[in-house]
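Keep in mind it's a predicted model, so treat the numbers as computed, not measured.
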Amino acid sequence: MMTSVNLVHIAYRGSPPALTDLLSGQVQLYFATTTASIAYIRAGTLRALAVTSATRSETLPDVPTVGEFVPGYEASAVWGLGAPRNTPPEIIDKLNRAINAALADPKMKARLADLGATGLPGSPADFGRLIAEETEKWARVIKFANIKPE
């Protein structure tokens, strides 16, 4: 959308088969998460062209961001935890405190960094805002690309 590049989308059932095809030359490009591809990058069997996050990866500091070539570009994989709608607020608060404490732990930070990931501590409201922002951003892409459910 931002570059008018025309790519053919190939649907895969996860990263392993997509990375297998990329490494064997069956496909020429794949937007893999760092966590799925970091071992291949470190082994030298896969070359990272860019990261899609807004800032360079601490794990791959020499790899530029797509935004350095396409101003305003950012696409990040986000994992979060949810609970049923009627979960009592005190349970949500307890879970949030425990998760944020884990994300602040030096051992957890080191393990996430080793996987090429970064923890994003915050409140349930912060996560709700992030989900809303991401939903709005990707809705524009879906509309622009005229994507329809199959």
ask   = Just wondering, are more than 12 heavy atoms of other shown residues or ligands nearer than 6.0 Å to CG in Leu120?
value =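 Count not over threshold, so no.
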
key: Glu58 CD: over 12 foreign heavy atoms closer than 6.0 Å   =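 Atom CD in Glu58 is not crowded, with 12 or fewer foreign heavy atoms closer than 6.0 Å.
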
Suppose we screen for side-chain contact (heavy atoms from CB on, under 4.5 Å). Which residues come up paired with [X], at least two apart in sequence or across chains?
X	answer
Asp105	Lys107, Met108
Ala83	Thr87, Ile92
Ser15	Leu19, Tyr30, Ala36

ask   = According to the salt bridge (charged side-chain N to carboxylate O under 4.0 Å, His left out) rule, which pairs have a member within residues 73-88, sequence neighbours left out?
value =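 Passing the test, one end in residues 73-88: Glu74-Lys137.
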
task = Output every pair passing salt bridge (charged side-chain N to carboxylate O under 4.0 Å, His left out) with a member in residues 113-123, not counting sequence neighbours, ordered by first then second residue.
result =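 Of all non-adjacent pairs touching residues 113-123, those that pass salt bridge (charged side-chain N to carboxylate O under 4.0 Å, His left out) are Arg42-Asp114, Arg111-Asp114.
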
task = Output all residues satisfying side-chain hydrogen bond (donor to acceptor under 3.5 Å, both in side chains) with Tyr12, sequence neighbours left out; order by chain, then residue number.
result =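 If we apply the side-chain hydrogen bond (donor to acceptor under 3.5 Å, both in side chains) test to Tyr12, skipping adjacent residues, the hits are Asp21.
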
Same apolar cluster: [X] and [Y], side chain cutoff 4.5 Å:
X	Y	answer
Ile142	Leu7	no
Leu49	Leu60	no
Val78	Ile131	yes

ask   = Does Trp138 sit in a hydrophobic cluster with other residues, and if so which ones, taking ILVMFWY side chains as linked at heavy-atom separations under 4.5 Å, directly or through other members?
value =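 In the cluster with Trp138 are Met1, Val141, Phe144.
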
request  = Linking directly or through intermediates, with side-chain heavy atoms under 4.5 Å: list the remaining ILVMFWY members grouped with Val8, chain and number order.
outcome  =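 Joined to Val8, directly or through intermediates: none.
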
request  = Check salt bridge (Lys or Arg N to Asp or Glu O under 4.0 Å) between Asp126 and all other residues, then give those that pass, not counting sequence neighbours.
outcome  =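 Arg129.
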
key: Test salt bridge (Lys or Arg N to Asp or Glu O under 4.0 Å) applied to Glu136 - qualifying residues, sequence neighbours left out   =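 Glu136 satisfies salt bridge (Lys or Arg N to Asp or Glu O under 4.0 Å) with Arg140 only.
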
Let me have the donor-acceptor pairs involving side chains of residues 62-70, under 3.5 Å, with sequence neighbours excluded, atom names and distances please.
unit_1 : atom_1 : unit_2 : atom_2 : d
Thr65  : OG1    : Gly67  : N      : 3.4
Thr65  : OG1    : Glu68  : N      : 3.1
Thr65  : OG1    : Glu68  : OE2    : 3.4
Glu68  : OE1    : Arg56  : NH2    : 2.8
Glu68  : OE2    : Arg56  : NE     : 2.8
Glu68  : OE2    : Arg56  : NH2    : 3.4
Glu68  : OE2    : Thr65  : N      : 3.0

message = Please list all pairs meeting side-chain hydrogen bond (donor to acceptor under 3.5 Å, both in side chains) that have one or both residues in residues 43-52, counting only residues at least two apart or in different chains.
response =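 Checked against side-chain hydrogen bond (donor to acceptor under 3.5 Å, both in side chains) - neighbours excluded - no pair reaches residues 43-52.
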
message = Are Phe127 and Asn96 packed together at the side-chain level, in the sense that at least one heavy-atom pair is separated by less than 4.5 angstrom?
response =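 No - every pair of side-chain heavy atoms lies 4.5 Å or more apart.
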
ask   = Is any side-chain heavy atom of Leu95 less than 4.5 Å from a side-chain heavy atom of Leu81?
value =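 Side-chain contact under 4.5 Å: no.
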
request  = Could you please spell out the steps behind the side-chain contact (heavy atoms from CB on, under 4.5 Å) verdict for Ile10 and Val27?
outcome  = CA-CA 9 Å; Ile10 301 170; Val27 296; 3.6 Å; yes

key: Test log, rule side-chain contact (heavy atoms from CB on, under 4.5 Å), inputs Leu112 and Leu103   = CA-CA 9 Å; Leu112 288 172; Leu103 291 174; 3.9 Å; yes

Would you name the heavy atoms of [X] and [Y] that are closest together and state the gap between them?
X	Y	result
Ile41	Ala48	CD1-CB, 3.8 Å
Ala117	Thr35	CB-CG2, 3.9 Å
Gly116	Thr59	CA-OG1, 3.4 Å

task = Output the distance between atom CG (Leu23) and atom CG (Leu46), rounded to the nearest 0.5 Å.
result =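 Going from CG on Leu23 over to CG on Leu46, the span is 5.5 Å.
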
